[in-house]
Amino acid sequence: MALVLVGCKPLYKEVNPDGIPQTGSKLVVHSFISPQDTALLVKVSVSRNVLGESVPFYRLDVMDANVELSDGAHSVNLTYDFPSGGYYKINAKLFPIQEGKTYTLKVGRTGGTAVQAQTTVPYAVPLQRLEIDTLTVTSFVNGKIRMYWNDVAKQANYYSVDAKVNYDMITSVRTGAGVLKDTLMHASQRLRFDEPFLTDQGFDGQPMASPRQEFTIYPSYYGSSPRLLRPILITAYLLHLDSNYYKYQKAVEEWNNDNPFAEPVLIPSNIQGGLGCFGSYSRAEFTGKIGN
């Protein structure tokens, strides 16, 4: 019997940091605008170098930027708002976003280089139908949903689908005296699609449908022995995205893939002179019912 020992070389190679080109930090800008939004938000931060001192993410936020949004004829300045999560913010009523218009976002700091990006807001595409298949089991509901719409012809289109369920229920809640009392409660639940992003490639100008998505309405964490009331409302959302928004969000979704063997994903940016994404979308919705 022969015993053969095979040595394994490491699959990595050490690199001398001195041989890696050093680049300065850049402004990172994220903003996605829509005619249906109630507030216009812009997040501004600086990039963090791969090598060097580790900096907490909260210290990367920029609070002294000049943020201007323009439609070519009018412009508005957004101010830093800490309570909103550190966004630059303005009420959308003061600068209504309109479908079909092109907007320019400029961001700069005193003594620094300004960055900018543009987006053209797509027109909303109406939903034609919402298909709901359900199987009710006592206090929870299993089902599948699918939405349908007609694609806009003679142009590249990018879509995202989402949904939300709203329902009422009777549940037993323990009072201060320790007595269980039947109580009417309202709740909502987001129904996420496993594959939320779609294009019209191969379907130009034709009817389109979302993937059929399974869902479960399971309100057991509300009190004791909850009873769902009818009707249960499911609202489907179809977002018509500009190409910048689609490419960025699609890349982020792939980057968040848990597969350890997945190939590295390059996150696209349309911020001239910086990093991030300035995109837009228009939203259409359609509400269906489970029960009468």
Side-chain angles (χ1 to χ4, degrees), residues 26-44 65-78 87-108 113-128 147 149-162 196-208 210 236-254 266-286:
K26 294 184 177 181
L27 282 177
V28 182
V29 179
H30 291 97
S31 180
F32 307 103
I33 59 176
S34 168
Q36 290 77 38
D37 282 344
T38 57
L40 305 180
L41 303 173
V42 178
K43 187 70 171 180
V44 183
N66 301 311
V67 180
E68 179 188 87
L69 183 62
S70 170
D71 62 3
H74 306 90
S75 63
V76 64
N77 291 311
L78 285 69
Y87 285 87
Y88 289 81
K89 180 181 178 181
I90 191 172
N91 191 313
K93 292 181 179 179
L94 301 177
F95 195 75
I97 302 299
Q98 299 179 35
E99 296 176 341
K101 272 193 172 184
T102 298
Y103 293 85
T104 301
L105 178 65
K106 295 181 179 180
V107 178
T113 302
V115 302
Q116 68 175 32
Q118 284 190 333
T119 182
T120 300
V121 181
Y123 287 87
V125 176
L127 281 165
Q128 303 297 320
M147 58 186 78
W149 67 94
N150 293 324
D151 179 62
V152 182
K154 298 181 180 180
Q155 66 180 48
N157 294 293
Y158 307 90
Y159 301 102
S160 177
V161 291
D162 201 358
F197 299 104
L198 305 94
T199 74
D200 65 345
Q201 185 175 2
F203 296 93
D204 182 55
Q206 301 179 32
M208 291 188 64
S210 71
Y237 301 100
L238 177 65
L239 278 61
H240 191 195
L241 316 175
D242 82 323
S243 61
N244 298 317
Y245 190 4
Y246 171 83
K247 293 174 183 177
Y248 179 83
Q249 295 289 11
K250 183 69 173 176
V252 169
E253 180 188 45
E254 294 175 357
L266 180 64
I267 305 297
S269 171
N270 69 325
I271 307 296
Q272 299 177 22
L275 300 171
C277 182
F278 177 45
S280 59
Y281 65 94
S282 287
R283 185 180 67 237
E285 59 185 70
F286 189 103

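Quantities reported herein were computed from a predicted structural model and do not represent experimental measurements.
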Return the minimal non-hydrogen interatomic distance between [X] and [Y], and the atom names on each side.
X    : Y    : result
C277 : I271 : N-CG1, 3.7 Å
N157 : V152 : ND2-O, 2.7 Å
F95  : L40  : O-CD1, 3.6 Å
N244 : Q118 : ND2-O, 3.5 Å
Q249 : F197 : CB-CZ, 3.5 Å
L78  : Y88  : CD2-O, 3.5 Å

Pick one: which of D200, T199, D151 meets side-chain hydrogen bond (donor to acceptor under 3.5 Å, both in side chains) with Y159? D151

Contacts table for residues 120-128: side-chain donor-acceptor under 3.5 angstrom, sequence neighbours left out:
| from | atom 1 | to | atom 2 | distance (Å) |
| --- | --- | --- | --- | --- |
| T120 | OG1 | T102 | OG1 | 2.7 |

What donor-acceptor contacts under 3.5 angstrom involve side-chain atoms of residues 26-38, with partners at least two apart or in another chain?
| from | atom 1 | to | atom 2 | distance (Å) |
| --- | --- | --- | --- | --- |
| H30 | NE2 | Y248 | OH | 2.6 |
| S31 | OG | L41 | O | 2.8 |
| S34 | OG | Q36 | N | 3.2 |
| S34 | OG | Q36 | OE1 | 2.8 |
| S34 | OG | Y281 | O | 3.1 |
| Q36 | OE1 | R283 | N | 2.8 |
| D37 | OD1 | Y281 | OH | 3.2 |

Any side-chain heavy atom of V161 sitting closer than 4.5 Å to one from L198? yes

Check whether any side-chain heavy atom of V67 lies under 4.5 Å from a side-chain heavy atom of N77, and answer yes or no. no

What residues form a salt bridge (charged side-chain N to carboxylate O under 4.0 Å, His left out) with D242, not counting sequence neighbours? none

Keeping the roles fixed (side chain from S75, backbone from L69), state whether a donor-acceptor pair exists under 3.5 Å. no

N270 side chain vs F278 backbone, donor-acceptor pair below 3.5 Å: yes

Approximate separation, where rounding is to 0.5 Å, of [X] [atom1] and [Y] [atom2]:
X    : Y    : atom1 : atom2 : value
D162 : Y237 : CG    : OH    : 8.0 Å
K250 : Y245 : NZ    : OH    : 14.0 Å
Q116 : S70  : CD    : OG    : 10.0 Å
Q206 : M208 : CD    : CE    : 9.5 Å

W149-F286 aromatic ring centre distance below 6.0 Å: no

Heavy atoms of other groups near Q201 CD, more than 12 under 6.0 Å: no

Is it true that, when you exclude Y103 itself, more than 12 heavy atoms of the residues, nucleotides or ligands shown sit nearer than 6.0 Å to its OH? yes

Return yes if a side-chain donor-acceptor contact under 3.5 Å exists between T119 and S280, otherwise no. yes

